[in-house]
**Student:** 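Handing you this structure, nothing more for now.
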Amino acid sequence: MRWREAVVRAAFLAPAAAFLLLFLGRPLVDNLTASLRATTVSSLLDDEAPFIGPENHLSLLRSEAFREALATTALYTAGSLAAQFSVGLGLALFFHRRFPLGRTIRALLLLPWLMPLVVTGTVWRWMLETDGGAVNGVLRALHLVHAGVPWLTGDDEALVSAVLVNTWVGVPFATALLYGGLQSVPRHVHEAALLDGAGPVSLFRYVTWPLLRPTAGVVLVLGAVYTLRSPDVVLALTGGGPAGATRTLAVLAYEQSFLEFDFGRAAATGNVLVLVASVLALLQLRAGRRARTF
């Protein structure tokens, strides 16, 4: 019986394993191989890329652009995650209560997440223009500023703008997952806590949050992975500027690939992104197991 159960389990897992090996494992191996060779346009045409070992990775670590991009990525990801999770949790708690048109508003809330990222970045770039942008126009009309704020041309303002736009994109996804997590919390547990005299703060702290913590971990990890891997918003919004102020690792890999045509170093940068995402995923799995244990 145990042998038969093992065969059945393997049969169910085989399609998923084949899919991962074909569409995930093969690209990872190709990327690792490219990072260990001097892969350029000429080498791709000649089909001869000389093996140079870890030289691409060592050159990347010695690069000032890589260190700056790594710091920018940390700020960009941390700021986006904090804002996305905070706003998403607040909206999920708000929609958890039933009210007229609640479902319709939840559906409309998904529109920013469903829009192509390039379209989102382009629209926000128009809105954040220093002279004719809608955001500065509203701020002037409210007499909050006298001159246009350089949202896309100032070093600090550009990074803040990128975080805000990425937050606008990611909030619907965080809200949907957290709302689903709140729906899975047993209603009788809340009712029992209310009968025991728990207030709103105590109810959330001691009842809702412990049961929502596994979902919160998934939201944070997926949000981090999406933010790390996607250069679309930053490229459409600022192009990585001004002077590299919004150049993340994903943008750096794009520049190395399609502007410098140094595919070996771009692959090495991609390996760093994969490593960071893998560490975050492992931490989330470990935290999820501990939460289920308790």
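Every value quoted in this text rests on a predicted model; they were computed, and no experiment measured them.
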**Student:** Output yes when a side-chain donor or acceptor of S230 lies under 3.5 Å from a complementary backbone atom of Y226, and no otherwise.
**Tutor:**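 The answer is no, because no donor-acceptor pair under 3.5 Å joins these two groups.
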
**Student:** Please name the pair of heavy atoms, one in L152 and one in P242, separated by the smallest distance, quoted to 0.1 Å.
**Tutor:**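 Nearest heavy atoms, L152 then P242: O-CD, 3.7 Å.
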
**Student:** For a 4.5 angstrom cut-off between non-hydrogen side-chain atoms, does F95 reach L109?
**Tutor:**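 In contact.
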
**Student:** Kindly assign one of parallel, tilted or perpendicular to the pair Y254 and F258, based on the angle between their ring planes and the thresholds 30° and 60°.
**Tutor:**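 Taking F258 first and then Y254, their aromatic rings sit tilted (interplane angle of 30° to 60°).
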
**Student:** Mark yes or no for whether N31, through its side chain, and A267, through its backbone, hold a donor-acceptor pair below 3.5 Å.
**Tutor:**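 Yes; at least one donor-acceptor contact below 3.5 Å.
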
**Student:** Search all heavy atoms of H96 against all heavy atoms of Q183 and return the closest pair with its distance.
**Tutor:**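 Nearest heavy atoms, H96 then Q183: ND1-OE1, 3.0 Å.
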
**Student:** Keeping the roles fixed (side chain from T269, backbone from A253), state whether a donor-acceptor pair exists under 3.5 Å.
**Tutor:**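 No, because the side chain of T269 does not come within donor-acceptor range (under 3.5 Å) of the backbone of A253.
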
**Student:** Considering only NZ, NE, NH1 and NH2 on the basic side and carboxylate oxygens on the acidic side, decide whether E64 and R67 come within less than 4.0 Å.
**Tutor:**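 Yes, charged N to carboxylate O under 4.0 Å.
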
**Student:** Can you confirm whether L178 sits close enough to V219 that some side-chain heavy atom of one is under 4.5 Å from a side-chain heavy atom of the other?
**Tutor:**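 In short, these two side chains touch, coming nearer than 4.5 Å.
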
**Student:** For the residue pair Y76 and T246, establish whether any side-chain heavy-atom pair is separated by less than 4.5 Å.
**Tutor:**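 No, every pair of side-chain atoms sits at 4.5 Å or beyond.
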
**Student:** Report the distance from atom CG of D262 to atom OG of S257, rounding to the nearest 0.5 Å.
**Tutor:**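 Taking CG in D262 and OG in S257, the distance rounds to 8.5 Å.
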
**Student:** How far does CD of Q256 sit from CZ of F263, to the nearest 0.5 angstrom?
**Tutor:**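 Going from the CD atom of Q256 to the CZ atom of F263 covers 11.0 Å.
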
**Student:** Quick check: is L89 connected to L81 through a chain of hydrophobic side chains (ILVMFWY, heavy atoms under 4.5 Å apart)?
**Tutor:**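 No: no chain of side-chain contacts under 4.5 Å links L81 to L89.
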
**Student:** For a 4.5 angstrom cut-off between non-hydrogen side-chain atoms, does H57 reach V272?
**Tutor:**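 No; the side chains remain at least 4.5 Å from each other.
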
**Student:** Would you say T153 and T238 make side-chain contact, with heavy atoms under 4.5 Å?
**Tutor:**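 T153 vs T238: side chains apart.
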
**Student:** When you check the gap from the basic side-chain N to the acidic O, do R247 and E255 get nearer than 4.0 Å?
**Tutor:**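 Salt bridge between R247 and E255, a charged N being under 4.0 Å from a carboxylate O: yes.
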
**Student:** Any side-chain heavy atom of L91 within less than 4.5 Å of one from P172?
**Tutor:**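 They are not in side-chain contact.
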
**Student:** Output yes when a side-chain donor or acceptor of R37 lies under 3.5 Å from a complementary backbone atom of G264, and no otherwise.
**Tutor:**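 Answer holds: no.
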
**Student:** Kindly check if the number of other-residue, nucleotide or ligand heavy atoms within 6.0 Å of CZ (R205) is above 12?
**Tutor:**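 12 or below, so no.
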
**Student:** Taking atom CG of L211 and atom CG of L182, what is their separation to the nearest 0.5 Å?
**Tutor:**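 Between L211 CG and L182 CG, I get 10.0 Å after rounding to 0.5 Å.
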
**Student:** Could you measure the distance from the CG atom of L21 to the CG atom of L24? Nearest 0.5 Å is fine.
**Tutor:**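 Interatomic distance, L21 CG to L24 CG, rounded to 0.5 Å: 8.5 Å.
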
**Student:** Are L203 and V189 connected, step by step, through hydrophobic side chains (Ile, Leu, Val, Met, Phe, Trp, Tyr) whose heavy atoms are closer than 4.5 Å?
**Tutor:**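 Yes; V189 is reachable from L203 via cluster members.
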
**Student:** Quick one: are N136 and L139 in side-chain contact, heavy atoms under 4.5 Å?
**Tutor:**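 A side-chain contact exists here, since the closest heavy-atom pair is under 4.5 Å.
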
**Student:** Can you name the closest pair of heavy atoms from L60 and F66 and give their distance?
**Tutor:**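 Smallest interatomic distance, heavy atoms only, reads O-CB, 3.1 Å.
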
**Student:** Tell me whether V165 shares a hydrophobic cluster with V119, the cluster being built from Ile, Leu, Val, Met, Phe, Trp, Tyr side chains joined at under 4.5 Å.
**Tutor:**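 Result: yes, single cluster for both.
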
**Student:** Minimum heavy-atom separation for T73 to L228, with atom names?
**Tutor:**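 Result for this residue pair: CG2-CD2, 3.4 Å.
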
**Student:** Report the distance from atom CE of M127 to atom CG of L237, rounding to the nearest 0.5 Å.
**Tutor:**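 It comes to 11.0 Å.
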
**Student:** Could you go through T130 and V149, starting from their C-alpha distance and side-chain angles, then the distance that decides it, and tell me whether this counts as side chain to side chain contact (heavy atoms under 4.5 Å, CB included)?
**Tutor:** CA-CA 6 Å; T130 303; V149 179; over 6 Å; no

**Student:** For F12, does the CZ atom sit with more than 12 other heavy atoms under 6.0 Å from it, leaving out its own atoms?
**Tutor:**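 No, CZ of F12 has 12 or fewer neighbouring heavy atoms, counting only those of other groups under 6.0 Å.
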
**Student:** Do you know which two heavy atoms are closest between A174 and G88, and how far apart they sit?
**Tutor:**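 Shortest heavy-atom contact: CB-CA, 4.4 Å.
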
**Student:** Please answer: with hydrophobic residues joined when any side-chain heavy atoms are less than 4.5 Å apart, are V251 and L273 in the same cluster?
**Tutor:**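 No, it is not one cluster - the side chains of V251 and L273 are not joined through contacts under 4.5 Å.
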
**Student:** Please confirm whether the backbone N or O of S59 pairs with a side-chain atom of S63, one donor and one acceptor, at under 3.5 Å?
**Tutor:**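 Not a single qualifying donor-acceptor pair exists.
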
**Student:** Between S161 (side chain) and W151 (backbone), is there a donor-acceptor pair under 3.5 Å?
**Tutor:**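 Here the side-chain-to-backbone pair exists.
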
**Student:** Could you walk me through whether N56 and S35 pass the side chain to side chain donor-acceptor pair (under 3.5 Å) check?
**Tutor:** CA-CA 6 Å; N56 284 322; S35 69; over 6 Å; no

**Student:** Is there a continuous path of hydrophobic side-chain contacts, each under 4.5 Å between heavy atoms, that joins V218 to L93?
**Tutor:**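 Linked, V218 and L93 end up in one cluster.
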
**Student:** Mind checking whether W124 and L164 have side chains closer than 4.5 Å, heavy atoms only?
**Tutor:**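 W124 vs L164: side chains apart.
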
**Student:** Looking at R62 and E55, is there a salt bridge between them, counting it only when a charged N and a carboxylate O are closer than 4.0 Å?
**Tutor:**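 Yes, this pair counts.
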
**Student:** Parallel, tilted or perpendicular for F204 and W209, by the 30°/60° rule?
**Tutor:**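 Judged by the thresholds at 30° and 60°, the geometry between F204 and W209 is tilted.
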
**Student:** Which atom pair, heavy atoms only, marks the closest approach of L22 to P27?
**Tutor:**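 The pair with the smallest heavy-atom distance is O-CD, 3.8 Å.
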
**Student:** Do T77 and T227 pair up side chain to side chain, a donor and an acceptor below 3.5 Å, judged on atom types alone?
**Tutor:**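 There is no such pair between these side chains.
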
**Student:** Drop me the distance from W113's CH2 to T120's OG1, to the nearest 0.5 angstrom.
**Tutor:**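 Spacing of CH2 (W113) from OG1 (T120) equals 12.5 Å.
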
